[in-house]
Structures are given as structure tokens and as C-alpha cells.
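Per chain, numbering begins at 1; letters A, B, ... match sequence-line order. Bear in mind the structure is a predicted one, so any value in this text is a computation, not a measurement.
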2 protein chains.
Amino acid sequence: MKIDPKSTGDLSTQIAQAIRDAIIGGDLIVDERLPSEAELADQFQVSRPTVREALKRLAAQSLIRTQRGASGGAFVNRLSFQDAYAQQVTTSTLLLSMNAVKFDTACEARYALERACGPLSAERRNPDHLATMRAEIHRQSQPGLSDEAFCASDVAFHRALVDAAENPVLSYQLAGAVEAMQPLMNMITFTARSREQIVAFHTRIADALEAHDSAAVDQSLRELAAYTISLADQLMRKRKQTT
Amino acid sequence: MKIDPKSTGDLSTQIAQAIRDAIIGGDLIVDERLPSEAELADQFQVSRPTVREALKRLAAQSLIRTQRGASGGAFVNRLSFQDAYAQQVTTSTLLLSMNAVKFDTACEARYALERACGPLSAERRNPDHLATMRAEIHRQSQPGLSDEAFCASDVAFHRALVDAAENPVLSYQLAGAVEAMQPLMNMITFTARSREQIVAFHTRIADALEAHDSAAVDQSLRELAAYTISLADQLMRKRKQTT
DNA sequence: AGACTTTTAAATGTCTGACAAATGAAAAGT
DNA sequence: ACTTTTCATTTGTCAGACATTTAAAAGTCT
């Protein structure tokens, strides 16, 4: 594990990269303890603060975890689906909020991805998934629900739909797409969206899943996507009239 | 921008989170300059190394960039699709390599996602996309190509297929799935995979895209997925016999 | 001998102070 | 007016120190 002397950038960047490469390359395995900060400083011929900056970079990516005390240190972290999921949601949210992505584009991407797991979900959904979806539908039907809670329930419903595909990789990939879209969705939720309409769509989807009817799931998702986009269009036109 | 005094964890973690929240919450906008390290240290009542560790955490997530010299400092970074893409590939690769994901699961996820953008790609593909795909097919047909180069070309082909959907959000989401799968794919590439077969599949896909034939694209991708999984099965059986 | 308490050593977390290097802007010189 | 020099600001890096946490070792009592 060595740093390239002619490499560019800060020392802490180079050291972080060297350790990252060692982890990805399998030279450091999960739960293995890294040398102590003092040893790393010796090894890389830098000071301890520099080593620490490198370690913090890795910690920010959940590649390592640190523990204080005797027999403590930095350990290679097993990246869990949950960690990866959280990172993806953060990244996707920032990406969408900072790059003025058109609503149509985001919406199209989201429903295209969601429809990708429709057939699998229709095949593999189990009673637990159905129960979760029914529960969320019931919650969405309650009149006293706040807009934020309705949105959260909406996300939970679609999450259950994705999870029903029983494919953790798919769930992970879609998590960011579905959850990062929530802020964008809010834009229209608080104005035009009809809760009855959404609940009706969700009920159709749940029914189709229960019946293992893949085509019906796909059709419902298509229509839900179309409905969502039409709402956004309406809003756009209304805004143009106002200004 | 303040840290919660009763919050848990390291100071650098808390400070990083406070700044992250400020960025996500819109209190710090893109390209805005953060206070200097000395000022942040004053503000949060910590030392400069602690502030620096927090900033390195954020830099690791591409949330900020730093510049030395007068009128330098840390600036809020516009998270580009490219940055997000790179992060996703890293995360996905680690996730798959550390969690013993079954090949079938990963493969299923990959092709389900890829098929999701098939109809869009069939509709919107332009001559550039087709040219890229034809070029990669041509490269894959050359006898002298190394296994690594064949794999890279394979990834480039599928990347072009995804990009043809002309939806950057979709491209970003799929990038991780396609590229992170490469190491897993290599597992079978170097043994059982028939290049002629793969090239034939790719040609069929490119032809279908050129003809705007969405159904044919989907069918080709289905068969390619089935072929890939069958190869993995073969390999598994062979391994069982050996041991 | 075994269970409990105390001590100790190792490691991370944090601080202070300092210097090096880069860089843009102001000041000086032509 | 233009070029060069100087300078202040800011990040990058270093050295050394102390605080805090933690597990293991040593000691002590029953």
C-alpha cells in the first residue's frame, strides 16, 4: 500500500485513494483492522493529522469505521445495503436539486425504473408486501393526514412495490430514484394532486399484484405516470398565466 | 448553521452534518464560499484540524471543493452527473463485492433496469448512439482483443444503449448497475462466454434500435439475459463436478 | 480458584502553534 | 498604461501535547 510520488493532489487525497484501492482490490478484507494512525503516518511519511484527514474521507463513504480505546482503530466496513441506500438517496437528492432537472425527465426515469420491477413483483409478492401496501393505502385514505405524511406514505407504498420484487440489488438501485423524487413530487402534491385519485391508482396496483397480474400492474403504473405528468403540465400552464 | 450540543458522535461528524444540512436545505447555494477554516473553527468553537476533518468528509462526497491561496477557500460544489455517476459506480461495486450477492440476483436486476429504458431508447436513439454501438460491435469482433478490452467494450455498448434513452437521470441510475456488474461478469467472460454469440446479440439490439422496434429490443435483451444466466449456471455445475 | 476491582497501555479525538505553498490583489516601479 | 514586485489571505502540512475511551492485564478479596 503505497502512494504514487508523482501523483497529483493533496497528500490526504492520495492516501485515501491508496487505502481505497487496497480495500477494493481485496488487500484489505472486511473487518480487518488498519494500522494505527501513528503507524500509517510512519508508513506514508506524513503527519498524523494528514492521515486522519484521509481516514475521515473514507469514513464519509462508509468504507471504514473507527473505534476508540485499546484494540480500537480503523476497520474495513462491510458496506451494507442500508448504508449504500442512504448514500444513494443523499446523492440523488443533491443531484436533482442542484441541476435543474426537468420534472418530466425525473418522472419518466422514476416510472420507467419502477415498471421494470413490476413483472417480478407481480410474480413474487408475498402477503407481507400486500399487507404493507394495504396499510399505506388505508393511511392515505384518512382525511386528517398531513401533506407531508401523505407523501411519506406514498413513498412507503412504492418502496413496498419495489421490495416485492425480492431483489435487494433492484431495491437498492430504485431506492434513490423513488425517494429522491419526493421533494420534486411535493411541488405538485400540495396544490393539484387529488388524494382520491392516487388512492384509486394504488388500490388498482395492489389488486393487480395480489392477482399476479403483471400486465395490469404495468398498465396502472403507466397511467399513474401519465396522471402525474399531466398534473405537472397543468401547474406549469397555471404558472405561465399568472406571470 | 450550528451543531446540536447534545448530539452524538465526533465533533467533525457533527460539523460535517451541520454544513451538509445547510447545503441540502439551501442555506448555502452552489459556488458559494464557505467561511475560512479559521472562521469556521471560531464559529463552531473547535480547532482548525477538527474543522478540516469535517471539510474532508464533505469533499469525499463531492459536496465541496477547496482552493488554496488568497480568495481561496471551500466552495459548495455543483454535483455533476459525472461525479454522481462515479460515486454510484464505486458504491455499487463495493456493495456487490462485499455482500456475496448471487449472480442471478445481480444479473436479473441489471437486465430488468436495462430493459426499462429499451422502449425509450428505441424511440429516441440518434445516429450518434447507433454509430457508437456499431463501433463497439466492430471492436468486439476483432480477434486480437484482450478479455479486459472486450469487457470494457461490452460495458460501453450497454452504456450507449442506456444513453440512447436521452434521459440523464436514467443514465445515472443505470450507470452503477451496468458498470458495477463488470467484475461479476468477468467471472464468466474469461471461461465460457462466446464472443460470437455476444456480438450477434449486440447486432440484433442495434438493428432493432435502428428500426425503432421496441419489442425486438426487449426480446433481444431478454434472450441476452437468459443466455448470461445460463452461462453462469453451466459454470456453477462445472465447479460442483470439480470439487 | 474464582469473581470483582484497579491499574495500565494503546488508540482515537482534540487542541495549540507554527511553517510552507499557492494565489489573487494591491503596491511599486518602469 | 503596463509590468513587476510585494504582500496578505487561505489552504496544506507538520510536530507535539493532552483528553478520553476502552480492553486487557494486574491486583485484591472472598
Side-chain angles (χ1 to χ4, degrees), chain A residues 1-20 22-23 28 31-77, chain B residues 1-20 22-23 28 31-77:
Chain A
M1 200 163 60
K2 291 218 172 97
I3 57 175
D4 191 353
K6 63 184 172 298
S7 170
T8 177
D10 308 358
L11 287 174
S12 70
T13 306
Q14 293 176 44
I15 292 168
Q17 192 57 53
I19 299 176
R20 197 181 351 255
I23 293 174
L28 292 168
D31 290 333
E32 185 173 344
R33 182 181 174 283
L34 272 66
S36 74
E37 294 175 354
E39 286 172 315
L40 286 171
D42 260 6
Q43 196 173 320
F44 288 114
Q45 290 285 300
V46 297
S47 67
R48 198 157 84 88
T50 303
V51 168
R52 283 181 62 79
E53 286 176 12
L55 294 179
K56 295 312 168 200
R57 292 182 122 104
L58 299 174
Q61 297 179 304
S62 304
L63 264 75
I64 60 169
R65 61 179 184 280
T66 55
Q67 211 171 0
R68 290 173 75 165
S71 75
F75 297 84
V76 177
N77 209 14
Chain B
M1 199 161 62
K2 291 216 173 99
I3 56 175
D4 191 354
K6 62 186 172 297
S7 171
T8 177
D10 308 357
L11 286 174
S12 70
T13 307
Q14 293 176 43
I15 292 168
Q17 192 57 54
I19 299 176
R20 200 184 345 259
I23 293 174
L28 293 167
D31 290 334
E32 184 173 344
R33 183 181 173 282
L34 272 66
S36 74
E37 294 175 354
E39 285 172 317
L40 285 172
D42 259 7
Q43 196 172 320
F44 287 115
Q45 289 285 301
V46 297
S47 67
R48 197 156 83 89
T50 303
V51 167
R52 282 181 63 78
E53 286 176 11
L55 293 179
K56 295 312 167 199
R57 294 181 119 105
L58 299 174
Q61 298 179 304
S62 303
L63 263 75
I64 61 169
R65 60 179 185 280
T66 55
Q67 211 172 0
R68 290 172 74 164
S71 74
F75 298 84
V76 177
N77 210 14

| request: Sugar-phosphate means primed atoms, P, OP1 and OP2; the rest is base. With that split, encode nucleotides 6-15 of chain D 5' to 3' as B, S or - using protein heavy atoms under 4.0 Å. | output: --BBBBBBB-

| G9(A) backbone acceptor or donor facing Q14(A) side chain under 3.5 Å | yes

| message | Can you give me the closest heavy-atom contact between R33(B) and G73(B), atom names plus distance? | response | NE-CA, 4.4 Å

| query | CD1 of I64(A) versus C1' of dA11(C): gap in Å, rounded? | reply | 14 Å

| said: Tell me the interatomic distance from R65(A), atom CZ, to dG13(C), atom C1', rounded to whole angstroms. | reply: 18 Å

| query | Hey, which of L58(B), T13(B), D10(B) is the one that makes side chain to side chain contact (heavy atoms under 4.5 Å, CB included) with K56(A)? | reply | D10(B)

| task | Provide, to the nearest angstrom, the distance between the CG atom belonging to L40(B) and the P atom belonging to dC15(C). | result | 14 Å

| said: A side-chain contact here means heavy atoms from C-beta on lying under 4.5 Å apart; do T50(A) and Q45(A) qualify? | reply: no

| Using 4.0 Å as the upper bound for N to carboxylate O, is an ion pair formed by R48(B) and D42(B)? | no

